[in-house]
K.L.:
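Before I ask anything, here is the structure I am working with.
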Amino acid sequence: MTSEQITNTGSVSGDCGSAQARARTHVQAYVQTQARQNGSAKDGSATNGPARNDSAKGGPSGRKHGLQRCHAMLRPVSLRALLPWLTSIIGVASALCLVIAWFPSTVWNTPIVSSDAPAHYYFIHRLLDEGLGAALHLWPHDSFYPPLFHICAYLVIKIAALFGVQCSIYAAFNITWIIASGVIFPAGMLVLCRYFLQRWNRGNPISNPISRISQALSTSESSSVSESSNISNQQVSSAVNRQYNVTFDATFVLQNLIGLFVPVLAVSSVCHPYGLLNAGPLIAFGFATSLLPFLIAATLRLFDAIAAREHIAKWLAIAAVAGVVCLVAHPRIAFTYALILVPFIVLRLPWKLILGAFIAMCVGAVAFVALMLTSFKSDRWANPDSWFHSHQPSKNLWESISFCLTDGLDGFPAILFALLLIAGTAAAFVCASRRAAARASDSFSSAASTVVPVASADVDVDASTSDIAVSAADSPVSVSCPPPASHSNATDAASASSESSRLRRNDRLRDVIALTAAFLLVALVYVCTITLVGALPNIISAPWYRDENRIMTMLPLVALPLLVIGINALAECVSACAASASFAPSASSFSTKNGASSVPSLSSASAVSSVKNASFASNWIVLIAVFLVIAILAVSAQIVCPSRSAARDTIIAHSSLNQSDPNEQLTEQKIAVLRKVTERTGTQATIISDPLNGSMYAETLFNANMLYPIINARTDVPSAPFGKVETAFASGDAQQVLGTVCPLTDAPEYFLTMGDQAQSLQSFPYRAQYDSFHNEELIDAYVDGGTLVKVADYSQYGQGWALYRFGCVD
């Protein structure tokens, strides 16, 4: 085994322990190889002198030399194991800094005033009041809502309390969002992208010209040639390896570049996470989206385990745990997961598992339809064309397509991203097709024309022999391999490797096709949601509520991995062209010797010169170019980002109390009134009010006990008091009102009026259910009859604002 093979053992796997284990294995193999060579050299000790004899016998100088070589070999392996972790930490830390820098500072002390925000604040508040036992029934009517985000915020508050720090609900909410968006999501995207990079480079150990020469020369050492030719080739191989020891292979460097820039690019687009914080905010769905890359990567690892028929139970358990976590974050993320995984299921699983997966999807779809039919009553279910009847297209067809191609970026970064995505995808298809063609050709070639190295430490533990053979066969030099030691051993080896080779055949092409298909599926759903109208677009986008904000979160999940392997393929193509140009002058220096038993013969000076030129041309120039392109894309995306800035400005506007409309959800006047109301009623009394006037925020701002702490107080749940109170209040019957309201709690019950419903909540589809709570004539009638007794007047803040107490008998 050559030193080049040993220094290449640290293929970036992200597992320091496994890298060290492989290093120890390779060092042991190297020592055994040296022992065999020394043993053979012992026979010729008479001609080599005393020093040669001492080393061959394993004397002190030989053992010392071997230990020095082992330590020298372990150092680059340790660096290779450490560097991916270091670059990953730097990349994720950079992404976290970008998210923190973007985050609006106005929402640390005041809530985000939007449609879904009050519910999320209330869910955290309920966990604080009732403990983690409330996680399974967070809704005010005690039904289930995905609790994972709110549990995390609850834990943030409890952990801060252990250190004597009082953390508000809003601060805990923001910290949880920042961790999910700035740490979990970019780290998950890095794991997912590195998975595809490892598969792309697996079975391609000879990734640069230097290792190609070294591989050819090391193979020639085992060929049946004359002793003088073998010694000459060993000298050249040693020179080549010394040159290679001071460089890194292109695969290793590129994977570490990815570790630096993928997390940054993951949080550069408005698609996720920024859009969901502005849209509602859609916190639970966004949290599940941030976790989804880990689930996708675990599932793909499970597919690999199924193909290799090993470690299936391990990856099945990991994927199951990740799936449960994502479902607890938000069950609707299953639709995104299924949409992205469908191409991989079709291309990488046996047909029985494909059939089983699609049966499971059909069962899930039927269950979802049944849930919708039973949960939401509507007379439009049989007419899909009437679904989402209020939806209006927001972009034309070209705008929708360009948004997908640019991953939601703006300006120059968007153009650069689209160009890299298109060019990289094309290059990936070319590289993958050539690899598939080479493997097909190799499968029909004779054994004498293939090169099968003994054991390259460059190869991943799961790389197939066929992969190595093809890579070597594609190198500029052609080497004849020695005849097999025995026919039976060769047959056993061939049959053993053919199975693993069959399982991994065309991995590159399948990944490119699957990723491209997943990207096209996501783009189709996005276009159907944003641009198209009618029954079919409604059906396609229905699992995501035909909501642009939910659907656009899928784009980074497919666009970034496709961009990563595309850039890798572009670098590979350029490197191959440079290598061909560098090797052309040296090709003529290879000569044929010993008749049919031919091996490459190359002078040391010309070999080292050729290697230096190839190394510089096909490694460093390409890597510098790739680094600059990715760096320009990542940096410019932080400079030119009007979409993200607009989302931030919208959130700041929503959290501002200086509103021109006095009927908006929260204003300085409403904050003052809600504080006064809570001081008068206390935190135990029940307060009934129209939640669409902003009164619901009193629950988390001042710990008031609001009967309606969210805007979506459903009336179709039998266990909920909302429907009964609304029906009774709208009836005009004083006895019915008191008979319904008074038994709610043992504490007093109050009624609060604060004007009309906020204009920003007019899109809420069930807003009419609260109309009776701001019907002035009805309220005056209850006051005249004694059903309501005014206890505080706030008309100085707004017309008709007042606090009433229900005339219940204490």
Side-chain angles (χ1 to χ4, degrees), residues 111-123 126 137-146 279-285 330 332 371-381 383 386-392 538 542-547 549-550 654 661 663-666 686-699 706-732 737 740-741 744 751-776 778-779:
I112 299 175
V113 181
S114 192
S115 56
D116 289 345
H120 296 298
Y121 297 140
Y122 165 73
F123 295 155
R126 186 165 186 180
H137 49 86
L138 287 180
W139 281 108
H141 50 269
D142 293 332
S143 63
F144 176 80
Y145 187 86
L282 302 176
I283 291 300
F285 190 86
H330 201 291
R332 198 171 289 269
L371 176 64
M372 297 298 293
L373 291 175
T374 55
S375 300
F376 299 93
K377 306 299 182 182
S378 176
D379 56 358
R380 297 194 300 268
W381 285 119
N383 184 17
S386 65
W387 298 354
F388 312 105
H389 57 280
S390 62
H391 175 80
Q392 296 295 327
N538 284 344
W544 297 272
Y545 288 129
R546 198 175 174 107
D547 179 66
N549 300 288
R550 286 183 175 90
H654 284 169
D661 185 358
N663 288 323
E664 261 309 324
Q665 295 181 62
L666 273 187
T686 301
I687 304 174
I688 299 172
S689 184
D690 180 355
L692 272 69
N693 63 18
S695 59
M696 53 192 169
Y697 287 99
E699 179 98 15
M706 304 299 298
L707 182 63
Y708 298 91
I710 60 178
I711 68 170
N712 189 15
R714 290 177 56 187
T715 60
D716 57 350
V717 180
S719 62
F722 309 119
K724 296 178 182 179
V725 172
E726 290 166 2
T727 302
F729 199 91
S731 68
V737 171
T740 303
V741 173
L744 289 176
F751 178 74
L752 174 65
T753 60
M754 285 200 311
D756 295 332
Q757 295 176 344
Q759 188 64 34
S760 59
L761 296 176
Q762 290 304 300
S763 61
F764 179 59
Y766 308 111
R767 64 182 184 275
Q769 69 187 22
Y770 304 112
D771 284 344
S772 61
F773 292 130
H774 53 264
N775 187 329
E776 294 182 4
L778 184 60
I779 294 172

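Throughout, numbering of the chain's residues begins at 1 and tracks the sequence. As a basis for the values below, the full set of heavy atoms in this structure was taken, side chains included, without hydrogen atoms, waters or symmetry mates.
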K.L.:
Distance check, rounded to the nearest 0.5 Å: Phe123 atom CZ versus Ile710 atom CD1?
P.N.:
5.5 Å
K.L.:
Can you check whether Asn663's main-chain N or O pairs, donor with acceptor, with Gln759's side chain at less than 3.5 Å?
P.N.:
no
K.L.:
Drop me the distance from Ile283's CD1 to His330's NE2, to the nearest 0.5 angstrom.
P.N.:
11.0 Å
K.L.:
Counting C-beta onward and ignoring hydrogens, is there a side-chain heavy-atom pair between Phe729 and Leu778 closer than 4.5 Å?
P.N.:
yes
K.L.:
Begin from the C-alpha positions of Ser772 and Glu726 and carry the test side-chain hydrogen bond (donor to acceptor under 3.5 Å, both in side chains) through to its verdict.
P.N.:
CA-CA 7 Å; Ser772 61; Glu726 290 166 2; over 6 Å; no
K.L.:
Can you tell me how far apart CG (Leu138) and OH (Tyr122) are? Round to the nearest 0.5 Å.
P.N.:
8.0 Å
K.L.:
What do the steps show when you test Asn538 against Arg546 for side chain to side chain contact (heavy atoms under 4.5 Å, CB included), and what is the final call?
P.N.:
CA-CA 7 Å; Asn538 284 344; Arg546 198 175 174 107; 2.7 Å; yes
K.L.:
Check the orientation of Trp139 and His141. Use parallel for under 30°, tilted for 30 to 60°, and perpendicular for over 60°.
P.N.:
parallel
K.L.:
How long is the gap from OH on Tyr770 to CG on Leu761, to the nearest 0.5 Å?
P.N.:
10.5 Å
K.L.:
Using the test side chain to side chain donor-acceptor pair (under 3.5 Å), find all partners of Ser695 that sit at least two apart in sequence or belong to another chain.
P.N.:
Ser689, Asn693
K.L.:
How far apart are the closest heavy atoms of His120 and Pro281, and which atoms are they?
P.N.:
NE2-O, 3.4 Å
K.L.:
Going by an N to O cut-off under 4.0 Å, is there a salt bridge joining Asp690 and Arg767?
P.N.:
no
K.L.:
Quick one, Met706 and Tyr697 - any side-chain contact, counting heavy atoms below 4.5 Å?
P.N.:
no
K.L.:
Given side chains that start at C-beta, do those of Pro709 and Pro140 come closer than 4.5 Å, heavy atoms only?
P.N.:
yes
K.L.:
Check the pair Phe751 / Ile779 against side chain to side chain contact (heavy atoms under 4.5 Å, CB included), numbers first and verdict last.
P.N.:
CA-CA 10 Å; Phe751 178 74; Ile779 294 172; 3.7 Å; yes
K.L.:
Could you list the residues that satisfy side chain to side chain donor-acceptor pair (under 3.5 Å) with Tyr545, not counting sequence neighbours?
P.N.:
Arg332
K.L.:
Locate the shortest heavy-atom distance separating Ala542 from Phe388; write the atom from each residue and the value.
P.N.:
CA-CZ, 3.9 Å
K.L.:
How far does CD of Gln757 sit from CD of Gln665, to the nearest 0.5 angstrom?
P.N.:
10.5 Å
K.L.:
Would you say that more than 12 heavy atoms from the other residues, nucleotides or ligands in this model lie under 6.0 Å from the CD of Gln762, or not?
P.N.:
yes
K.L.:
Closest approach of Tyr708 and Met696, non-hydrogen atoms and distance?
P.N.:
O-CB, 3.4 Å
K.L.:
Yes or no on side chain to side chain contact (heavy atoms under 4.5 Å, CB included) for Phe773 and Leu692, after CA distance, side-chain angles and deciding distance?
P.N.:
CA-CA 10 Å; Phe773 292 130; Leu692 272 69; over 6 Å; no
K.L.:
So which heavy atom on Arg550 is nearest to which on Asp547, and how close?
P.N.:
N-OD2, 3.1 Å
K.L.:
Could you give the distance from NE2 (His774) to CG (Asp756), rounded to the nearest 0.5 Å?
P.N.:
6.0 Å
K.L.:
Tell me, with the steps shown, if Val741 and Leu707 meet side chain to side chain contact (heavy atoms under 4.5 Å, CB included).
P.N.:
CA-CA 10 Å; Val741 173; Leu707 182 63; over 6 Å; no
K.L.:
In terms of heavy-atom contacts, does OH of Tyr766 have more than 12 from other residues, nucleotides or ligands at under 6.0 Å?
P.N.:
no
